[in-house]
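All figures in this text were calculated on a predicted structure; none of them were measured in a lab. Lettering follows sequence order; numbering is per chain, from 1.
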Amino acid sequence: MVTKTLCLCDIIQTERKLLSFSGFYPRRDNTGIFFYFTRALINTLVTFLQLFSMIGQMVIDRKDLSKLTDTLLYFMTHVTFLVKLINFGYYRRNLLTIEDDLRAGILYSFSKNQLGILISKIDSCNMIAKIFRLSCVLCILFYSFLPLLGEEKGLPLPGWLPYDTDKFYYETVIFQNFSVCVTAFNNSTIDILTWKLITIASGEMEILKVNLRDLVHKDASKTKKIFRSFIERHNALINLVHKIEFVFSKGIFMQFLSSVIIICFTGFQLLVVPMASIQFVFLVMYFFCMMCQVAMYCWYGHEVMTTSDELGKFCYMSNWYDSDINIRKSITIFLEKTKKPVVLTAGKFVTLSLATLTGILRSSYSYFAVLQHLYQQDS
Amino acid sequence: MMKFKVSGLVADLMPNIRLIQGSGHFMLNYHADNSGALHTLRLGYCCVTLVFMLLQYGCNFVNLVLERGDVNDLAANTITVLFFTHCITKFVYFAVRSKLFYRTLGIWNQPNSHPLFVESNNRYHALALKKMRRLLYIIIVWTSFSAIAWTSITFVGESVHTTKDPENENLTISEPIPRLLVRAWYPWNAMSGMPHMLTLIFQVYYVFFALAHANLLDSLFCSWLIFACEQLQHLKEIMKPLMELSATLDTYVPKSADLFRAPSATSQDNLIENDYNSKNEDLKGVYSTRQELGGHFRGAALQNFGAGGVGPNGLTKKQELMVRSAIKYWVERHKHVVRLVTAIGDAYGVALLLHMLTSTIMLTLLAYQATKITGVDKYAATVIGYLLFALAQVFHFCIFGNRLIEESSSVMEAAYSCHWYDGSEEAKTFVQIVCQQCQKAMSISGAKFFTISLDLFASVLGAVVTYFMVLVQLK
């Protein structure tokens, strides 16, 4: 029954390697800690410098609405990334405990055929991750080439710099491109890591559902042992989801807050910018990336919620009426627990679900309508 | 291909199925003779219907694009296009997801049965059948009436539309357009004569069949829900006798022999023989009476005291088995209903979501159009007609979705109100688990975004009224 052909930790291998490269993933040993630390420091420094330059620009531009929204757009993304990064850094030790939990034997007590359920979910998550990464890369390319293709020698990102940008033009461009790469790289990796962990939890719950439904209540002592293992697995999964929430929840909350504003402003920019230009295409790509980010969080959170909701129903679908009275009492208590679905919350404030997604889109649209009205009044 | 043996839901819904097939939906199963030639013929009929529908829809759309200059025309044409978008969506949706529909229709092919509950089962089955037929009649009458009303209103009033006066830019003149049911662009001149007559007939066919496509599928969905609700009623009814039966296992019950007599008008001894328990391939674990009790069984039990029976009532081994199997029957039947409702949700959920999306936009525009009503004329009649039709469609499935929610959550009340305290320990744990499960009502959701209930209808209606009020104020 126990299959060790797949180690759940291997699923997040890519993200672990990428985050170790940029110096943020927690390490178990202290070898090469100096270079590790420097990498993290470089990343953080670049991000903060870019942030301050954008704040400067916004202070200058505070009277002109369209220029302000232009800067505000990237500023919000940047701030979100910073909050997520700081949150990740603060709670990074907990990731190691999550990894240990993923290696625990209790999560592997299912048969080979059921592994297919988990594999298919992981595969679809991988595909989404690939599409997301690809669109991020495209965005970065557009960032870099946009000013070069434009008429005037503009900078990729709006920002105030304390020196004359014309004299050090290429150096500034390189610096800004580097900061954009750092942001996109780390931001997308943290997001994909969260999505994969959530998918692992919901995949395991799907397998648990199938096991519960196919459990044959015949031999009392054997069924008792098997059912006990199910309950232990259920507990382990609930703990796993709570740990994931503990690590990532504040970052996700910031993501939701700023996504409302970012989607609204990107939509507004799409209105302002002429349609047949490179900048329009770039804005569309950027819009897609931002939507994808927030939508995927809501989608995977919704998956966990609906999957855990159905545990009770699948337990009912077995032939429990043939079972012993003792097991029936265990089933009752188990059903009581499954009445409350396992939810992921963002900062304990709002749950990750499709309902939240519609709420976010609706708020974005109202802010967008207000902005449009103001813009028409201005012009 | 399936062998043509009508049973279960297919037999009950045969009139619906025949009408759906007749209207051109891609339902190619459920025919006695499915040989190559006939099959191709039927497929050809469906494809021809699809082509006609899409052509006319295309003509409507082209007309929308051509007349986009005038705001009033734009609004009116958008409403028409959205209305027929919904009908086309239902048609295409069925063609694409017909497998799920076949699966749902086949789910009730081999239900379980128990000798003591056959009479109740048959009674509720007959009730469900009656309600499904009645619903079908209402839908047929409503669709025909709508089509006839649409046709007749075409011949009322002037057939004109306003365009800019070519001489004076600020004035508008009215220009005659062909007197047809829906405004559409045709590559030929349909003003009068033979082309006009043919186009008119084609449009009557189009309108009638488009309405039929949408409404018949909705009525199929609602008929499924009626069936599920009646099954839940049956389960609620047999809860009490089930408890009394199970009490005989551990407590002394006077006249326990009566409990084993199946309540039926023509009480026969061979109570198990029925067509339902044939070999089932799809559902493993479904209880089969014949396998459990083996062939012939004497219904009326004889209470023999001191004859070495089981328990304080001296039940025979067969009677004890019958009691345990009754609980099994109840649970398996309930699980079967849960499977049916899940299958209905899988088959139709996305269609409901798409319906609500188009309806929301259409109703918003209709609220805007309603603010321009100046008196009792053709315009008012058409706007109100569209409004009533759209709201009626939403109401149609909301009311049955709501009934399902109510019925499934009332199972717990029935479980509690039966004399469970007199039942055996086994029965008490059975009631406990059933209550747990039934606390959460079974509902149909529109692809997990919203639940189909009267709340949904109320919110839609409320939204339309709000938009209307706001727009009237803004004028």
Practice task
Take the angle between the ring planes of W320(A) and F430(B) and call it parallel below 30°, perpendicular above 60°, tilted in between.
Solution key: parallel
Whether over 12 other heavy atoms sit under 6.0 Å from [X] [atom1]:
X: K448(B); atom1: NZ; answer: no
X: F368(A); atom1: CZ; answer: yes
X: F280(A); atom1: CZ; answer: yes

Can you tell me which portion of [X] sits under 4.5 Å from chain B's heavy atoms? Options are side chain, backbone, both or neither.
X: S353(A); answer: neither
X: T306(A); answer: side chain
X: S323(A); answer: neither
X: L335(A); answer: both
X: D309(A); answer: both

Practice task
List the atom of Q436(B), the atom of T332(A), and the distance in Å for their closest heavy-atom pair.
Solution key: NE2-O, 3.1 Å
Problem - Among I433(B), V338(B), I327(B), residue most engaged with chain A (heavy-atom pairs, under 4.5 Å) - result: I433(B)
Practice task
Counting only heavy atoms closer than 4.5 Å, note whether F450(B) contacts chain A via side chain, backbone, both or neither.
Solution key: neither
Problem - Beyond-backbone contact of K339(A) with K440(B), side-chain heavy atoms, under 4.5 angstrom - result: no
Give, for atom [atom1] of [X] and atom [atom2] of [Y], the distance between the pair rounded to the nearest 0.5 Å.
X: Q437(B); Y: T338(A); atom1: CD; atom2: OG1; result: 8.0 Å
X: I327(A); Y: T429(B); atom1: CD1; atom2: OG1; result: 11.5 Å
X: N319(A); Y: E332(B); atom1: CG; atom2: CD; result: 7.5 Å

Practice task
Please check if the side chain of K335(B) supplies one atom and the backbone of S318(A) the other of a donor-acceptor pair under 3.5 Å.
Solution key: yes
Practice task
Dump the intermediate steps for side-chain contact (heavy atoms from CB on, under 4.5 Å) on E426(B) and R328(A), then the final yes or no.
Solution key: CA-CA 9 Å; E426(B) 222 172 281; R328(A) 276 203 211 180; 3.5 Å; yes
